[in-house]
Amino acid sequence: MKSFLEHIAEELLEKFGTDLSRIAVVFPNKRASLFLNEHLARLAGKPLWSPAYITISDLFRSLSPLKVADPILLVCELHRCFTECTGIDETLDHFYGWGQLLLADFDDVDKNMAPADKVFALLRDIHELDDVSYLTDEQREIIRRFFSNFSDDHNTELKERFLKLWSHIGDIYHLFNRKLADRQLAYEGALYRQVATDKTLQFEYDTYVFIGFNLLHPVEQELFRQLEREGKALFYQDTEDIPPRSTTFISAPTENSQARYISRWLSEKNRIAAGHRTAIVLCDESLLLPVVHSLPDTVEKANITTGYPLYQTPIASLISQLISLQTIGYSPKAGSYRLRHINAVLRHPYAKYISPRYQDLVQEMNAKRMYYPEIGFLSSDEGLALLFQHHDTPILKWLLSLVRHIATSYRQTEVEGPLDTESLFRMHTLLNRINGLVVSGELSVDVITLQRLIMQLIQTTTIPFHGEPIEGIQIMGVLETRNLDFDHVLLLSCNEGNMPRGINDTSFIPYSIRKAYGLTTVDNKVAIYANYFHHLLQRASDVTLVYNNSTNDGQTGEMSRFMLQLMVDGRQTITYQTLKAGQQSSLRMPKPIEKTEAVMEILRQRFLQNTGIVSPTAISNYLRCQLRFFYRYVSNLAEPDNNDEDLIDNRIFGNIFHLSAQKVYEYLMQLTGDHITALAIDDLLKNNIEIERIVDNAFKRELFQIKDPTRRLPPLDGLQLINREVIIRYIRQLLETDKRLTPFTILGLEKEISMPLAIRVNDHTADAQDTHETTLKIGGYIDRLDSVVDPETGEERIRVIDYKTGAYHIKPLADVDAIFDPENIKEHSDYFLQAFLYSHIIRRETDTAVSPALLFIQHAGTDDYDPTLKLGKERVRDIATEAPRFMKLLNETISDIFNADITFMPTNDMKRCHTCPYATLCGR
């Protein structure tokens, strides 16, 4: 079957012969011209003078002395007009989105040649409805229905706010057009209107052939009439009816499954061999990447008409990080950079193009926790010197220099990839456009607003693909299919909302007013897409429409209304199919790990050698999940330390508090010895400077890893300052709580303790099973060991105190057995295990009662607060009463670890896996 463009090619050759040099062929877009030219050359069979091919936009622009301004410049100028007319000081980045919307409304008013003053005045002054002689009866009824919703009895406040906004739009419209005209500039709608109303137009060509236009704007209609009156216009519109054909509807569970179906679809019915007669149309253009990756190897050529999103390229993420480095990542007062922002840049894939020494700098900075590189380190490296330029250089100029440097390095060090090369070029072009506006004074914004503006523009920029348009499989967006015919058509994501697309009528002009004055409405948009859809299917002998039937992730799962219309039409046979995943999901269950001889050898070397020691943390990990113990202590996989930045997580916060508490009491002990008095604590509470100095030193050590006492604390950001104030308050709370127990004696701070423990080992030697007794060391560090007089009994007891900064309110366990029950991990039984063990070790060396205590600083403000742990309802005032049962269970637990017959088993509590750093290793 001949295509629409083939019919036109035949007719043009019949009318004008082979000399088409004085003919201009006008299309809605450029792509169809390539196909028409190919048909003309083939049908002519000999050399011919080709016609000129122009788009409707090019035609209008060629007939006007005005120039369509850069879109960014238009919004900037509109923002100035908006501010001048309304007096509202709105930032450009906040205005930008609805500035584009307002510009679209102005464009629509002009293209439809609507009476702008009347449209914009209509809502400003309802009384203008007293004179409606210029309106038709239908228009008057539409407007009255609209205003009935704003009666005096209902929504008065909404009405007033609405009219207040609209009262300035007419002024903005006229001022905006006037300022642009003074500079010989215009937006597209204004230029079109100027051309349509110009009666002195001179046309370059003898004949203008308009092909495939539908739903013309009044400005286009007026231009066409003028050309028709002069006998210079020919019009071709495809009105052929849809013949009956076989159509396949396919429902798919996901978007990606649709893309994966492409390989199978192309392999059937000789679709690959059909080349440019086969089209894959993306109703949702975000499918481009999975579609490209799903093309089979047998596809040698493909032409892609949709653009690759710039925001998905590495250079876009780098630009965002670079701007953050020079804004929130830089402290002008201190002249230094924040470590996390430097890390974000230097760990980016493009960091190697900034400098080949970037890894050395990463290691040096993170080792020293410094905020700025050494000057000597930078002096010999152009890339790093450029990266760490301060605000002496305007940020756009700095970004442009860096992009050029990266592009140069990329070309020198890599085999050029087309996507990377083009994305660097597009980014440089975009930044250069913005910089030109800044230099010319058109754009005047602060750095934060500029950052938001750049990111908004990146979001809307695409990278075009280059290729031979009339060769290979055609991968297209819906708009690129206009006037083209294909034999094989596959529409992907043909859902309601994608086809037709953009049917939301977002505008400052309400639907009723748009309808009354003939402006573009939802109805127009739907009609346009209906035309695209039906024309695409019109001459295709093989049509497959795929839609997503999932209702997840915001998807409605509805097929397009156009598909429903085909079903109702009943003129063609429709086959219904469903895509199903070839694989079924299966629950991955972690497998037990046998204690082989190699595993047992690692356990012996780690815990049974002279330097080995078993910590309460290791035992708690074993009770929490035996696989977690295996990964940490047998495989020696340390839990990740993600705090390579200057952020304060719970661990860092706790470390800072612990070190501050230790140094506070070391300070008191320098003044009074081990004996702490209320007077000494009072004096320290009055000495704010000393407490702050201690906390600041703890910040230096734990957050910034600064061990040199002569180095100053780097400047703190907002969140760090808040955490500093909280820790100072906690230290003061600790001192207030301890003052109630004075006098007391400090017996140790961060005291290291241990004891020998005899256990049974079953390690299966190579010759025979070997069960024997051996001794290991068990112990750790006590946050604080003190001796107090119990206020209830009046007797002296020693407290083993572990500081806790969390908000958790610990509950008593029922008995000692509950400490070793893995089910009680969620009740923090591991806290009990550590406190009981340390208390027992101390009790072995003294006749004084020893009690385990957890001091939760957030709950220590009450007068009767006692951190001593409870079993049931009773406080454990002396660990000796519970030690026999505790040590028996402890010995059994550790013996199980060294029993080769007992495998490492995964936990049955899936909730523990959510916070486990090894969850992905075991399959959870």
Side-chain angles (χ1 to χ4, degrees), residues 2-12 15-16 20 23-37 39-40 51-64 68 107-108 110-114 188-189 191-198 201 203-242 305 476-486 500-502 518-521 523-539:
K2 289 183 181 180
S3 70
F4 173 51
L5 294 181
E6 283 181 292
H7 284 297
I8 295 175
E10 288 180 347
E11 189 161 331
L12 288 178
K15 280 181 177 288
F16 303 102
L20 303 175
I23 295 174
V25 178
V26 185
F27 281 109
N29 62 353
K30 293 180 179 179
R31 181 156 301 275
S33 63
L34 300 170
F35 288 84
L36 178 60
N37 207 46
H39 293 317
L40 286 171
Y53 295 105
I54 57 176
T55 64
I56 187 65
S57 176
D58 293 335
L59 175 59
F60 272 95
R61 295 183 189 210
S62 67
L63 297 172
S64 174
V68 175
D107 186 80
D108 196 37
D110 286 331
K111 284 183 177 178
N112 286 285
M113 301 184 73
E188 191 173 73
L191 184 146
Y192 279 28
R193 190 167 193 160
Q194 181 269 324
V195 170
T197 56
D198 186 353
L201 294 177
F203 298 103
E204 179 180 356
Y205 295 95
D206 297 339
T207 304
Y208 289 81
V209 180
F210 296 94
I211 300 176
F213 287 89
N214 53 61
L215 292 174
L216 295 171
H217 286 111
V219 286
E220 295 166 331
Q221 295 176 22
E222 184 60 35
L223 179 63
F224 290 1
R225 289 192 195 99
Q226 186 168 346
L227 282 166
E228 190 176 27
R229 285 193 296 269
E230 296 184 18
K232 292 186 175 184
L234 285 176
F235 302 98
Y236 290 94
Q237 182 64 40
D238 191 2
T239 58
E240 187 172 342
D241 197 12
I242 300 177
T305 66
M476 319 179 79
V478 175
L479 298 181
E480 285 77 28
T481 66
R482 287 176 288 186
N483 293 315
L484 301 181
D485 294 302
F486 304 95
R501 188 169 184 82
L519 303 181
T520 305
T521 65
D523 306 328
N524 302 114
K525 296 176 182 178
V526 171
I528 290 172
Y529 269 87
N531 180 272
Y532 297 158
F533 178 83
H534 291 293
H535 181 272
L536 183 61
L537 274 55
Q538 191 163 283
R539 294 180 177 84

Determine whether Leu484 and Leu5 satisfy the following criterion, side-chain contact (heavy atoms from CB on, under 4.5 Å), listing intermediate values before the conclusion. CA-CA 7 Å; Leu484 301 181; Leu5 294 181; 3.8 Å; yes

Would you check if [X] and [Y] make a side-chain contact, meaning some heavy-atom pair closer than 4.5 Å?
X     : Y      : answer
Arg31 : Met476 : yes
Phe16 : Asp206 : no
Leu63 : Asp198 : no

Which residue is it: Leu59, Val25, Leu223, Leu216? I am looking for the one with a side-chain contact (heavy atoms from CB on, under 4.5 Å) to Phe210.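 It is Leu59, the one option of Leu59, Val25, Leu223, Leu216 that forms the side-chain contact (heavy atoms from CB on, under 4.5 Å) with Phe210.
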
To the nearest 0.5 Å, what is the distance between [atom1] ([X]) and [atom2] ([Y])?
X      : Y      : atom1 : atom2 : value
Ile8   : Ile211 : CD1   : CD1   : 4.0 Å
Leu34  : Phe27  : CG    : CZ    : 9.5 Å
Lys15  : Thr207 : NZ    : OG1   : 9.5 Å
Glu480 : Tyr532 : CD    : OH    : 10.0 Å
His217 : Leu519 : NE2   : CG    : 9.0 Å
Leu536 : Thr481 : CG    : OG1   : 5.0 Å

Among residues at least two apart in sequence or on other chains, which ones pass side-chain hydrogen bond (donor to acceptor under 3.5 Å, both in side chains) with [X]?
X      : result
Asp238 : His535, Gln538, Arg539
Glu230 : none
Glu222 : Lys199, Arg225
Asp108 : Asn112, Arg514, Thr520

Examine distances only and state if a side-chain atom of Asn531 and a backbone atom of Ile528 form a donor-acceptor pair shorter than 3.5 Å.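 Not at all, since once roles are kept as given, no pair shorter than 3.5 Å links the two residues.
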
What pair of heavy atoms forms the shortest contact from [X] to [Y], and how long is it?
X      : Y      : value
Tyr205 : Ala52  : OH-CB, 3.4 Å
Val219 : Ala196 : O-CB, 3.7 Å
Val195 : Ser64  : CG2-CB, 3.6 Å
Asp110 : Gly189 : CB-O, 3.3 Å
Pro500 : Val526 : CG-CG2, 4.1 Å
Thr55  : Pro28  : CB-O, 4.4 Å

Residues in ring pair (Phe, Tyr, Trp, His ring centres under 6.0 Å) with Phe533, at least two apart?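 Only Phe562 meet the ring pair (Phe, Tyr, Trp, His ring centres under 6.0 Å) criterion with Phe533.
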
Under the side-chain contact (heavy atoms from CB on, under 4.5 Å) rule, what do Phe224 and Val26 come out as? Steps first, then yes or no, please. CA-CA 11 Å; Phe224 290 1; Val26 185; 6.0 Å; no

Go through it in stages, so that I can follow the logic: the residues are Lys2 and Glu10, the test is side-chain contact (heavy atoms from CB on, under 4.5 Å), and I'd like the CA-CA distance, side-chain angles, deciding distance and then a yes or no. CA-CA 11 Å; Lys2 289 183 181 180; Glu10 288 180 347; 2.4 Å; yes

Show, in sequence, the C-alpha distance, side-chain angles and deciding distance for Leu36 and Asn483, and conclude whether the side-chain contact (heavy atoms from CB on, under 4.5 Å) test is met. CA-CA 10 Å; Leu36 178 60; Asn483 293 315; over 6 Å; no

Do you see a donor-acceptor pair shorter than 3.5 Å between the side chains of Arg61 and Ser57?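 A donor-acceptor contact under 3.5 Å links the two side chains.
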
Using the test side-chain contact (heavy atoms from CB on, under 4.5 Å), find all partners of Ala527 that sit at least two apart in sequence or belong to another chain.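 Only Leu215 meet the side-chain contact (heavy atoms from CB on, under 4.5 Å) criterion with Ala527.
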
Parallel, tilted or perpendicular, as decided by the 30° and 60° cut-offs, for the rings of Phe60 and Tyr192: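 Correct class here is parallel.
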
